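In what follows, a structure is listed as structure tokens, so that the remarks can point back to it.
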Amino acid sequence: MLLLVVKILAVIVLLICLGFIAYWAAAVIKGDCVLKVEKTKKTPFKVMDMGPRSVTLACTIPIKNVGRQLGTIMDAFVRTYLPFEQYDEARITAHLTDNDVPRDDDYWQAYIVDPGKSKKFLITLEIKGKGDNILRDLETFPEIAMDIIYQVVARSDYYYAKTRIILTKEELRNALYEYTSAEVK
């Protein structure tokens, strides 16, 4: 009798294990959402507005769902890394929003990204100089790293992902030059 009970328990455990294996196999075959920021498709930063003491720059960068299931970007923001020990001539504020529906309140409205589709993030930098001339304040500007941080919800557990982009001093100088030379024309 005891042997029969052990055999029944072994069969039940085996069926449960086979059920888990079948579930995970189905999940692997169906796939999941995988969002990737396409850094190589980032547009150069361009000056959007400039005054005597401040400049606003912007760029776009796509994020693509390379997975097989849809996913939702629940939250997204950008964080700059430029400590005042490295550069203290200006204050920099960064904002990230949906390029198609820009917002100025730093709120990210959740967005579903279908498989194979892309969404564009819009990054805006506001640089306020400490002196009377923003161009002079930016003469010693180093490169600035920025992390794009976004939360994704899909079939699997939600996760946060991070991608770093850099605004180089050359890219900043080019954006300033294009803006100021266009004003002269």
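Quick caveat: nothing in here was measured; it's all calculated off a predicted structure.
- Leu172 and Ile92 end up in the same hydrophobic cluster when Ile, Leu, Val, Met, Phe, Trp and Tyr side chains are linked at under 4.5 Å.
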request  = Determine, stepwise, if the pair Tyr111 / Thr72 fulfils side-chain contact (heavy atoms from CB on, under 4.5 Å).
outcome  = CA-CA 5 Å; Tyr111 185 82; Thr72 304; 6.0 Å; no

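- No more than 12 heavy-atom neighbours from other residues, nucleotides or ligands sit within 6.0 angstrom of CG on Asp157.
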request  = Given side-chain contact (heavy atoms from CB on, under 4.5 Å), test Tyr158 with Gln151 step by step and report yes or no.
outcome  = CA-CA 7 Å; Tyr158 78 89; Gln151 179 189 21; 3.0 Å; yes

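- With hydrogens and angles ignored, the 3.5 Å screen pairs no side-chain donor or acceptor of Asp114 with any backbone N or O of Lys117.
- Follow the hydrophobic side-chain contacts under 4.5 Å out from Val113 and you reach Trp108 in the same cluster.
- Remark: the backbone N or O of Cys33 is not paired with any side-chain donor or acceptor of Asn65 at under 3.5 angstrom.
- When all heavy atoms of Tyr150 and Leu35 are compared, the pair lying nearest together is OH-O, 3.4 Å.
- Residues Ile123 and Ile149 fall into different hydrophobic clusters, defined by Ile, Leu, Val, Met, Phe, Trp and Tyr side chains chained together at heavy-atom separations under 4.5 Å.
- No chain of hydrophobic side-chain contacts below 4.5 Å, direct or via other Ile, Leu, Val, Met, Phe, Trp or Tyr residues, connects Ile144 to Leu122.
- With hydrophobic clusters built from ILVMFWY side chains whose heavy atoms lie under 4.5 angstrom apart, Val152 does not share a cluster with Leu70.
- For the atom pair NZ (Lys162) and CD1 (Ile148), the distance works out to 12.0 Å, reported to the nearest 0.5 Å.
- In this structure the side chain of Leu125 never reaches within 4.5 angstrom of the side chain of Val78, judged on heavy atoms.
- Atom OG of Ser118 is separated from atom CG of Asn99 by 12.0 Å, given to the nearest 0.5 angstrom.
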Less than 3.5 Å apart, which donor and acceptor atoms pair up between the side chains of residues 46-62 and the rest of the protein, not counting sequence neighbours?
| from | atom 1 | to | atom 2 | distance (Å) |
| --- | --- | --- | --- | --- |
| Arg53 | NH2 | Asp132 | OD1 | 2.9 |
| Thr60 | OG1 | Thr43 | OG1 | 3.3 |

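- To the nearest 0.5 angstrom, Phe45 atom CZ is 6.0 Å from Glu171 atom CD.
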request  = Output, in order, the C-alpha distance, side-chain angles, deciding distance and verdict of side-chain contact (heavy atoms from CB on, under 4.5 Å) for Thr93 and Lys128.
outcome  = CA-CA 9 Å; Thr93 308; Lys128 294 183 180 177; over 6 Å; no

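- With hydrogens and angles ignored, the 3.5 Å screen pairs no side-chain donor or acceptor of Gln69 with any backbone N or O of Ala154.
- Here the CG-CG distance, from Leu9 to Leu4, works out to 9.5 Å after rounding to the nearest 0.5 Å.
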key: Pair Thr97-Phe121, side-chain contact (heavy atoms from CB on, under 4.5 Å): steps then yes or no   = CA-CA 6 Å; Thr97 188; Phe121 288 144; over 6 Å; no

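- Interatomic distance, NZ of Lys36 versus CD1 of Ile63, reported as 10.0 Å (0.5 Å rounding).
- The closest donor-acceptor contact from the side chain of Arg173 to the backbone of Glu139 lies under 3.5 Å.
- The environment of OH in Tyr159 is crowded: more than 12 heavy-atom neighbours from other residues, nucleotides or ligands sit within 6.0 Å.
- Considering CG of Leu96 and CZ of Phe77, their distance stands at 9.5 Å, rounded to 0.5 Å.
- Annotation: Gln109, atom CD; neighbour count of heavy atoms from other residues, nucleotides and ligands within 6.0 Å does not exceed 12.
- Side chains of Asp104 and His95: no donor on one and acceptor on the other come within 3.5 Å.
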I'd like a table of donor-acceptor pairs (distance under 3.5 Å, sequence neighbours excluded) in which one partner is a side-chain atom from residues 81-91, with atom names and distances.
| from | atom 1 | to | atom 2 | distance (Å) |
| --- | --- | --- | --- | --- |
| Tyr81 | OH | Asp147 | OD2 | 3.2 |
| Tyr87 | OH | Asp137 | O | 2.5 |

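- Salt-bridge formation is not detected for the pair Arg103/Asp98: no Lys NZ or Arg NE/NH1/NH2 atom is positioned less than 4.0 Å from an Asp or Glu carboxylate oxygen.
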